[in-house]
S.K.: 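Sending over a structure as structure tokens; questions will come in a sec.
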Amino acid sequence: MRRFSSEYLRDTRRGMWEDRSALAPLALDSRSRILDVGCGTGELTRVLREESDAEVVAVDADRTLLAEADADACALGDATRLPFADDAFDLVVCQALLINLPDPLAAVEEFARVSADLVACVEPDNSEVVVESSVAAEAPLAKRARDTYIAGVETDVTLGSGAADLFADAGLTGVESRRYEHERTVAPPYDEAALAAAKAKAAGTRIAEQARTLRRGGLTETAVDELKNEWRAMGRDVVGQMGERAYERRAVVPFYVVVGRVESGVDG
């Protein structure tokens with residue numbers, strides 16, 4: 001399973017649930033006990049607690065991340081071997097977890113085991129990400145790096161658009177999928193997160209962190225270095241435009257909210 005820092009999770013999920021209409025199929029107001037699997041730092045956990053009167057239990061394999069989740073109860077555990085009895089919850093849900101697992105089907109089957117009613121996921125399709133930027137080089141460079149990363153990563157980070165098929169393969173019924181677009185914008189005045197992201201671009205941090213995956217995606221060591229240099233040059237342009245209060249960026253990440261019912265479950 002791929003692992004991430006708390007800073008990365010907070011940054012990528014910031015502002016995601018300002019609009020919660022896509023969560024309507026989860027029928028949160030009717031739930032009595034919800035399990036958030038792979039909760040990370042608890043961004044979805046918080047939404048589940050705010051939108052329901054249910055007991056919300058958070059589980060994650062990373063003890064450090066789990067400590068940051070604000071849930072009614074927390075448990076350390078693996079998504080494919082959950083430490084709960086059969087039918088212990090009436091909703092089991094995850095966000096951006098299945099794309100990071102080597103065997104997402106095994107996880108969904110385990111979710112179905114511990115759910116008496118509904119299973120849900122919120123998963124992105126990273127092949128459909130769209131970036132627009134006032135720095136001309138940023139969008140094409142980001143696409144090139146992203147496409148190479150997708151080719152080299154060891155899990156299916158494009159899974160979101162096909163998650164409904166995964167639910168059907170796990171034996172869930174009444175499977176429903178709806179697309180939800182998480183839009184993130186950067187514009188003046190710039191907050192601390194935007195300024196830090198710009199500095200990281202100018203340092204080539206992301207390319208350095210992803211170098212191994214980029215090589216698996218087909219780049220030579222020299223090509224990775226060239227990409228890093230291009231990335232740093234782009235980052236310097238970003239920092240320059242920020243200094244002039246002229247930098248703007250828009251990124252849209254499509255997520256798919258998928259629900260399926262356990263065959264023997266009761267009405268939610």
Side-chain angles (χ1 to χ4, degrees), residues 1-4 6 9 13 23 25-28 30-49 51-124 154-157 159-160 162-175 177 255-266 268:
M1 175 181 172
R2 298 164 63 218
R3 295 181 181 275
F4 302 94
S6 57
L9 293 178
R13 300 182 185 188
L23 296 176
L26 278 60
L28 293 175
S30 71
R31 300 295 161 194
S32 60
R33 197 161 189 249
I34 300 172
L35 179 64
D36 180 8
V37 185
C39 64
T41 50
E43 282 74 16
L44 180 60
T45 311
R46 174 180 54 81
V47 173
L48 298 173
R49 296 190 75 192
E51 296 296 322
S52 76
D53 294 323
E55 176 189 10
V56 178
V57 179
V59 62
D60 200 281
D62 188 317
R63 190 183 303 274
T64 301
L65 297 179
L66 187 63
E68 299 189 36
D70 183 14
D72 295 302
C74 293
L76 193 67
D78 186 315
T80 61
R81 296 187 299 276
L82 294 171
F84 305 105
D86 295 359
D87 305 331
F89 303 89
D90 56 3
L91 169 63
V92 178
V93 60
C94 69
Q95 176 174 311
L97 171 70
L98 301 179
I99 61 166
N100 297 310
L101 299 178
D103 190 353
L105 178 59
V108 176
E109 290 172 340
E110 182 69 348
F111 296 177
R113 179 187 68 79
V114 302
S115 176
D117 185 22
L118 208 67
V119 171
C121 72
V122 183
E123 297 289 332
E154 295 178 317
T155 62
D156 185 1
V157 295
L159 180 146
D165 293 336
L166 192 70
F167 272 41
D169 291 343
L172 296 167
T173 62
V175 177
S177 176
F255 282 79
Y256 291 81
V257 180
V258 182
V259 299
R261 197 168 298 277
V262 178
E263 186 80 29
S264 58
V266 296

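This one's a predicted model, so the numbers in the text were calculated from it and none came from an experiment.
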S.K.: Within a 6.0 Å radius of atom CG on Asp53, are there more than 12 heavy atoms belonging to other residues, nucleotides or ligands?
M.R.: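 No - once you tally the heavy atoms of other residues, nucleotides and ligands closer than 6.0 Å, there are 12 at most.
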S.K.: For the CZ atom of Arg261 and the OG1 atom of Thr173, what is their distance to the nearest 0.5 Å?
M.R.: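 Going from CZ on Arg261 over to OG1 on Thr173, the span is 7.0 Å.
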S.K.: Using modelled atom types only, decide if a donor and an acceptor are shared between the side chain of Thr155 and the backbone of Ile99 within a distance under 3.5 Å.
M.R.: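 The answer is yes, because a donor-acceptor pair under 3.5 Å joins these two groups.
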S.K.: Is Arg33 salt-bridged to Asp90, cutoff N-O under 4.0 Å?
M.R.: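 Not counted as a salt bridge, because no side-chain N and carboxylate O are separated by less than 4.0 Å.
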S.K.: Is there side-chain contact between Cys39 and Leu66, with at least one heavy-atom pair below 4.5 Å?
M.R.: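 With C-beta onward as the side chain, the pair touches.
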S.K.: The criterion is side chain to side chain contact (heavy atoms under 4.5 Å, CB included); which residues satisfy it with Thr80, sequence neighbours excluded?
M.R.: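 Partners of Thr80 by the side chain to side chain contact (heavy atoms under 4.5 Å, CB included) criterion, ordered by chain and then number, come out as Asp78, Ala106, Ala107.
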S.K.: Is any side-chain heavy atom of Thr45 closer than 4.5 Å to one of Asp70?
M.R.: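 No, their side chains stay 4.5 Å or more apart.
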S.K.: I'd like to check Ile34 versus Leu28 (side-chain heavy atoms, cut-off strictly below 4.5 Å). Are they in contact?
M.R.: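 Sidechains of Leu28 and Ile34: in contact.
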S.K.: Which value, rounded to the nearest 0.5 Å, describes the distance between Phe89 atom CZ and Arg31 atom CZ?
M.R.: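 Taking CZ in Phe89 and CZ in Arg31, the distance rounds to 13.0 Å.
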S.K.: Measure the CG-CD distance between Asp169 and Glu109 for me, rounded to the nearest 0.5 Å.
M.R.: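 Going from CG on Asp169 over to CD on Glu109, the span is 8.5 Å.
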S.K.: Locate the shortest heavy-atom distance separating Val258 from Ser177; write the atom from each residue and the value.
M.R.: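 Minimum heavy-atom contact is CG2-OG, 3.6 Å.
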S.K.: If I compare all heavy atoms of Pro83 with all of Gly77, which pair ends up nearest, and what's the gap?
M.R.: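 Closest pair (atom of Pro83, atom of Gly77, distance): CD-CA, 4.3 Å.
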S.K.: Quick check against the 3.5 Å criterion: does Asp117 have a side-chain atom that pairs as donor or acceptor with the backbone of Leu91?
M.R.: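 No; zero donor-acceptor contacts below 3.5 Å.
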S.K.: Please check: side-chain N/O of Glu123 versus main-chain N/O of Leu98, any donor-acceptor pairing under 3.5 Å?
M.R.: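 Confirmed, Glu123 side chain pairs with Leu98 backbone.
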S.K.: Nearest 0.5 Å, please: how far is CD in Glu51 from CG in Leu44?
M.R.: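 Spacing of CG (Leu44) from CD (Glu51) equals 10.5 Å.
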S.K.: Measure the CD-CG distance between Glu55 and Leu35 for me, rounded to the nearest 0.5 Å.
M.R.: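 The distance works out to 10.0 Å.
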S.K.: Test side chain to side chain contact (heavy atoms under 4.5 Å, CB included) on Leu172 and Val262 and set out the steps.
M.R.: CA-CA 5 Å; Leu172 296 167; Val262 178; 4.1 Å; yes
S.K.: Please name the pair of heavy atoms, one in Cys74 and one in Ala69, separated by the smallest distance, quoted to 0.1 Å.
M.R.: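 That would be SG-O, 4.0 Å.
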S.K.: For Asp60 and Gly40, which heavy atoms make the closest approach, and how far apart are they?
M.R.: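 Between these two residues, the closest heavy atoms are OD2-N, 2.8 Å.
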S.K.: Would you name the heavy atoms of Ala79 and Val37 that are closest together and state the gap between them?
M.R.: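 Here Ala79 and Val37 meet closest at CB-CG1, 3.8 Å.
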S.K.: Is a side-chain donor or acceptor of Arg113 paired with a backbone partner of Phe84 at a separation under 3.5 angstrom?
M.R.: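 The answer is yes, because a donor-acceptor pair under 3.5 Å joins these two groups.
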S.K.: Minimum heavy-atom separation for Asp87 to Ser115, with atom names?
M.R.: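 Closest pair (atom of Asp87, atom of Ser115, distance): OD1-O, 3.4 Å.
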S.K.: Any non-hydrogen side-chain atom of Phe111 less than 4.5 Å from a side-chain atom of Leu82?
M.R.: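 Yes, side chains in contact.
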S.K.: Return the CG to CG distance between Asp103 and Asp156, rounded to the nearest 0.5 Å.
M.R.: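 Reported to 0.5 Å precision, the distance equals 12.0 Å.
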